[in-house]
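Single-structure report; data block below.
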Amino acid sequence: MMVCTAGHVDHGKTSLVKWLTGCETDVLKEEKERGMTIEPGFAPCSTAAGASVGITDVPGHEKFVHHMVAGVSGVGMCILVIAADDGIMPQTIEHFQIMELLGVERGVVALTKMDLVDAATLERRIAEIRAWLAAGFLKDAPICPVSSFTGDGILEFHRIFSEAVNAAVR
């Protein structure tokens with residue numbers, strides 16, 4: 001099964017993929033220089049139960065939305081990435097709508113950059129996200145706070161991600 005990332009630019013999609021897989025998905029010289037994904041990147045990932053999935057890391061910048069669409073086509077599940085310090089942003093909404101239009105039906109939410117906000121802000125973000133997702137395909141998706149800087153929440157995210165993958169392949 002293929003899984004894609006989705007979300008606003010600079011919300012931590014590529015960093016999360018690196019934590020999950022150990023792979024650097026930004027391989028172009030320009031991506032490294034700009035610190036921004038331009039082309040979809042791919043990485044293999046193993047779940048806690050030993051299932052193997054491919055992760056497509058897509059660009060979040062609005063100028064590269066056509067690359068995002070190409071990367072999302074044919075995936076079975078998504079990781080919607082939202083930064084705790086920014087919350088829901090324009091490309092978060094756009095990526096969500098694209099995934100819905102393309103028929104993605106499952107996913108998990110990674111609430112990244114949790115190290116940049118206090119506990120009250122983190123809880124407020126979770127409530128905002130839950131309310132926003134209430135009418136869409138991710139209405140029952142788990143929301144997992146993580147920090148790619150400190151590693152906090154990564155193991156819990158991997159466990160929840162693994163459970164979601166296992167449920168999707170059954």
Side-chain angles (χ1 to χ4, degrees), residues 1-17 19-21 25 37 39-49 51-114 122-146 148 153-154 156-170:
M1 180 172 74
M2 291 299 294
V3 176
C4 71
T5 61
H8 196 75
V9 64
D10 290 332
H11 275 203
K13 296 177 295 296
T14 301
S15 295
L16 181 63
V17 170
W19 270 99
L20 289 174
T21 68
T25 55
T37 302
E39 295 283 341
F42 303 93
C45 183
S46 296
T47 68
S52 293
V53 297
I55 297 182
T56 304
D57 180 30
V58 301
H61 196 281
E62 65 184 331
K63 290 181 180 178
F64 304 115
V65 72
H66 57 288
H67 294 290
M68 181 274 180
V69 172
V72 171
S73 298
V75 300
M77 192 176 121
C78 71
I79 302 171
L80 182 62
V81 179
I82 303 172
D85 60 336
D86 280 344
I88 300 163
M89 297 294 284
Q91 271 62 60
T92 313
I93 296 166
E94 185 175 49
H95 284 200
F96 180 86
Q97 292 169 338
I98 289 167
M99 289 185 300
E100 216 163 33
L101 285 170
L102 292 176
V104 178
E105 296 178 350
R106 298 176 182 264
V108 296
V109 178
L111 184 56
T112 59
K113 302 187 180 189
M114 67 180 278
L122 192 65
E123 290 305 313
R124 189 171 65 251
R125 287 286 186 243
I126 291 170
E128 290 168 0
I129 294 165
R130 182 62 58 216
W132 176 64
L133 293 175
F137 76 100
L138 292 178
K139 65 182 176 285
D140 297 321
I143 300 171
C144 309
V146 298
S148 294
I154 296 290
E156 179 66 5
F157 178 82
H158 187 263
R159 183 188 67 75
I160 290 170
F161 171 73
S162 295
E163 289 173 1
V165 167
N166 291 340
V169 296
R170 284 188 201 141

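One is the number of the first residue; the rest follow in order along the sequence. Hydrogens, waters and symmetry mates play no part in the numbers below; they use all other heavy atoms, side chains included.
Scanning all heavy atoms of the two residues, the minimum distance from T112 to A83 falls at OG1-CA, 3.4 Å. Across all non-hydrogen atoms, the minimal contact from G153 to V146 is O-CG1, 3.4 Å. Closest heavy-atom contact between I126 and I143: O-CD1, 3.9 Å. Contact detail for C144 and I160: the closest heavy-atom pair is SG-CD1, 3.5 Å. Taking both residues in full, the closest heavy atoms of T92 and G87 are given as OG1-O, 4.3 Å, listed atom of the first, atom of the second, then distance. When all heavy atoms of E100 and G136 are compared, the pair lying nearest together is OE2-CA, 3.4 Å.
With contacts defined as side-chain heavy-atom distances shorter than 4.5 Å, the pair H158/W19 does not qualify. Using a 4.5 Å cut-off on side-chain heavy atoms (C-beta onward), F96 and L138 make contact. I79 is listed as a side-chain neighbour of L20, based on a closest heavy-atom distance under 4.5 Å. Residues L16 and I154 are in side-chain contact: their nearest non-hydrogen atoms beyond the backbone lie under 4.5 Å apart.
Evaluation of the side chain to side chain donor-acceptor pair (under 3.5 Å) test over residues 125-139, restricted to residues two or more places apart or in two chains, returns R125-E128.
Partners of E156 according to the salt bridge (charged side-chain N to carboxylate O under 4.0 Å, His left out) rule, which considers only residues two or more places apart in sequence or in another chain, are R159.
Residue L102 holds its CG atom at 11.0 Å from SG of C78, rounded to the nearest 0.5 Å. For the atom pair CD1 of I93 and NE2 of H8, the computed distance is 10.0 Å after rounding to the nearest 0.5 Å.
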Checklist entry - Could you walk me through whether L80 and M99 pass the side-chain contact (heavy atoms from CB on, under 4.5 Å) check? => result CA-CA 10 Å; L80 182 62; M99 289 185 300; 4.2 Å; yes

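The only member of L111, D85, V81 that meets side-chain contact (heavy atoms from CB on, under 4.5 Å) when paired with H11 is V81.
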